[in-house]
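Have a look at the structure below, then the notes.
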Amino acid sequence: MSAKLSGDVYYPSEEVLSKAHIKNWDELSKKATEDYEGFWEERANELNWFKKWDKVIDDSNKPFYKWFTGAQTNISYNCLDRHVKTERRNKLALIWEGENGDFETMSYYRLHKETCKFANILKSMGVEKGDRVTIYMGRTPEIVIAMLACARVGAIHSVVYGGFSVEALHERIEDSQSKVLIVSDGAYQRGKIVPLKEIADEALQRAGGIEHVIVIKRTGQDVNMEFGRDMWYHELANLPIANQSCALEIMDAEDPLFILYTSGTTGKPKAILHTHGGYQVGTYTTLKYVFDIHEEDRYWCAADPGWITGHSYIVYGPLLNGATSFLYEGAPNYPYPNRWWSMIENYGINILYTAPTAIRGLMRFGDAWINRHDLSSLKLLGSVGEPINPEAWKWYHKVVGNEKCPIMDTWWQTETGMFMITPMPCVPLKPGTGTRPFPGIEMDILDDDGKPVGANEEGYLVIKTPWPSMIRTIYGDPDRYVNQYWSKYPGVYLTGDSAKRDEDGYIWVIGRVDDVIKVSGYRLGTAEIESALVSHQAVAEAAAIGIPDDVKGNVIYSYVILRAGVEGTDELKEELRQHVGYEVGPIAKPASVKFVEKLPKTRSGKIMRRVLKAEEMGEDPGNLSTLED
Ligand code: PRX
C-alpha cells in the first residue's frame, strides 16, 4: 500500500519485511483477486493429495459450497506422515508445560507413532469413518494426539472445551450421537484440579449413546471407572492392539473432519462442520502467510484446543506447516503473573498469539512482572477473539513486543475456520483493526436493505466469496445453516458482527449484533445461560445480556423471575450463579443476578434484551414500538 494512511499507523520495519514470506500485500491481493481459484489451487499444491481434484470450487448447490471435489487426502497425513518422510522427522512438533511444572517434548516422529497407537485403539473399539467421537480434556499433548487419531481413522471429532460443565457436555454428546468419549481424569487450573472425569460421569448419566470411555491419566486422583465402559488409556496403550503403525483412511476432500459446537443467535449450540480438504488448505496458508512461519520458529497459540482457535492454530495449522508449537496447560498468572513471560523466555518462543482479554488481564499486574524477563526472542504477536482496544494494543506492542513485533489482529469465527480479516507482517497496522480481508476474499458492510454503507458508517459485516475452510453446514440441521447465515441477504454470508470501514478500506469490527455474548473472548449464547437458570427449581423465567467490562470485554448480567412463593435472597443469587457454573461452566457464571417481576418482551413473547441493556447502562432504549407493555 503506497498511499499515506490516515490515523495512528505502524509501518513494518525493514527487518520484518526482509524476512517475510509475503513482502507485498497488494501484489498478492491482485493475484488472488484476478484468479481466485488458481490462487487456492497453487496453495493446495503445497500439500499432499492421494488424488487431485476435478474442481477447485463447486458452487452448483449454493450455499452448500464444496472445495477440491474429487480429491482424496487425509489431514493427518499432511500433519504427520508428510514430515516424517523428510528431515523434519526429528523436529519438535510440540513442547508442552503443565501448570504444575511437568514438561514434555514430542518430535514429529513420536507424534506420528503416538497418533497411530491411539488410532488403533479407536479402531479396536469399532470406531469407523464418519463416527463421532467426543473429546473432553485439558491442554495436554494427548488432546492433540486424540484429535489427529480421529482424523486418521476418518472419525469426526467433537471437542468440548474443558471449561464447560455437565449440561454443556451432555448436550453436545447427545446432539453429536458420539459413541466414544475421550476424557482425562482432570486438568490443573490455578493450582486446583478440574475434575473432568467426574463431570463427564454426571453428563453421561444424562446422555445415552456412549459405548466406550477412554480415560487419560493426568492429575492422578481416584476416579470412578465403570466396568465395561471406562478404560485407562495407558493400559490400552500397552496392549498388542495399540500397534505403532496404522494405515490411514483415505478421505474425500469433502468428508467431515470435525464438528465444533458454538453458540448462535437462538436456541441450542450448533455443530459447525469442517471437512478434510478445504480446511487444511485454508489453515495451512493463513498461518504461513500471517504468522510468517519459518523452520526455526517456536510458535505459541495460547488458546485452548477446545475452541476453533485451538483447532486451526494450535493443532492443524502449525502441524500442516511442520512448525514447532508450544502448549501450556494452565492459567496465565499461576503461581505468579510472570508465568507466561517466564515460559516465553525459557523456551525462546518467538510468536505469541492470544486474546485481548488475556492481554488486558496481564497488563493489570503492571510492567515489572514482564520487565524481569528477556522477551527478545519474540518477533511477531497476534490477537483474536474480540476487538482489541487501542490501549491494550499499544501495551502489547510496546511492553511485550518491545516495539519491534507487528501485531496480527485476526478476525475470524468458528464458521470461517481460518483468518478472514487480517494483516500480514508487511501490512501497515492501526491499533484496533484487523486491516483488510485476506487476499481474494471479498467482504462488505451492508445496511438493513443490503446496500453497502459509506466510509465510517456502521453496518452488518458480510462475506461475499466462498473460502476453502468455510463451514459446510450445521451438522444434522442444514436448514438452520441456510437460515442463520444465508437468508438475510441471499447469496451472502452473514457474520453476525457489526463493523465500519475507514477511508483506507480497513475494517473495524465493533461486535456481535445477535444474542451471542463474548466473555473473555469465549463465545456464549444468551439461550444457554437462560436455560441453565430456568433449570433451577426456584426460577420461572430468565434473561441474560452482555455488559461491557474493562478486562473481560463483556460480563453476563441476568434477570430472573422467581417462582411464586420463592424469596429472592442474596444466598439464592449466589446459588443461581453457582448453578449456571455447574451446568454450563465457570465462564458462563453471571456477574450479576437481579430478581425482577417482569421482563421486557415483544408482543410475540420474545425477550427484548436491548431494553435491559439500555436500562442497565443508562442509555436510550431506542424504538419501543414492539414492546408488549
Ligand atoms: O465477534 C467476532 C469475534 O469473535 C466472533 C467469533 O467467535 P468464535 O467463533 O468463538 O471464534 C473466535 C476465534 C476465531 C466473531 O464473530 N472476533 C473474533 N476475532 C476478532 C473478533 N472481533 C474483533 N476482532 C477480532 N480480531
Side-chain angles (χ1 to χ4, degrees), residues 159-161 163-164 258-265 269-274 282-283 286-287 290-291 301-314 316-317 353-360 381-390 392-393 396 407-423 429-438 443 445 458 460-463 467 469-471 474 484-485 493-501 506-525 528 546 548 552-554 587-588:
V159 182
V160 179
Y161 169 55
F164 276 133
F258 66 81
I259 51 178
L260 185 56
Y261 285 85
T262 193
S263 308
T265 300
K270 46 198 168 54
I272 307 300
L273 180 82
H274 285 286
T283 52
T286 46
L287 186 69
V290 175
F291 281 101
C301 168
D304 190 282
W307 297 87
I308 193 66
T309 310
H311 280 57
S312 297
Y313 298 110
I314 294 178
Y316 292 111
Y353 184 32
T354 185
T357 184
I359 299 164
R360 291 190 296 258
L381 301 171
S383 175
V384 62
E386 53 181 324
I388 181 165
N389 47 313
W393 194 101
Y396 197 28
I407 297 176
M408 303 296 108
D409 178 357
T410 58
W411 178 95
W412 57 296
Q413 310 179 297
T414 309
E415 293 87 341
T416 70
M418 66 180 218
F419 308 148
M420 297 299 283
I421 303 172
T422 177
L429 307 171
K430 301 185 195 183
T433 160
T435 74
R436 289 162 294 179
F438 192 80
M443 294 182 68
I445 300 169
E458 188 173 339
Y460 297 97
L461 182 68
V462 300
I463 309 172
W467 62 100
S469 61
M470 66 195 293
I471 172 177
I474 293 175
Q484 172 127 14
Y485 302 106
Y493 172 91
L494 185 73
T495 65
D497 280 15
S498 66
K500 294 179 185 179
R501 184 155 30 198
Y506 279 25
I507 295 173
W508 298 71
V509 171
I510 297 160
R512 299 290 308 191
V513 280
D514 55 8
D515 293 332
V516 168
I517 310 177
K518 281 279 183 154
V519 180
S520 300
Y522 296 120
R523 179 165 163 181
L524 296 167
E528 289 156 87
K552 295 182 173 174
N554 296 284
I587 46 166

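Because the structure is predicted, anything quoted here is derived from the model rather than measured. Order of appearance sets the numbers: ligands from 1, and atoms from 1 within every ligand.
Using bins of under 30°, 30° to 60° and over 60° for the plane-to-plane angle, the ring pair Trp412/Phe419 lands in the perpendicular bin.
Counting only distance, with no hydrogens or angles, the side chain of Ser469 and the backbone of Thr416 share a donor-acceptor pair below 3.5 Å.
By the ring-ring contact (aromatic ring centres under 6.0 Å, His included) test, Tyr396 pairs with no residue at all, sequence neighbours left out. Scanning for ring-ring contact (aromatic ring centres under 6.0 Å, His included) contacts around Tyr161 gives Phe164, Trp307, Tyr522, with sequence neighbours left out. Looking at residues two or more places apart in sequence or on another chain, you find a ring-ring contact (aromatic ring centres under 6.0 Å, His included) between Trp467 and Tyr493.
A heavy-atom cutoff of 4.0 Å around ligand 1 is satisfied by the protein residues Ile308, Thr309, Val384, Gly385, Glu386, Pro387, Asp409, Thr410, Trp411, Trp412, Gln413, Thr414, Asp497, Val509, Arg512, Lys518, Arg523.
Heavy atoms from other residues, nucleotides or ligands lying under 6.0 Å from NZ of Lys552 number 12 at most.
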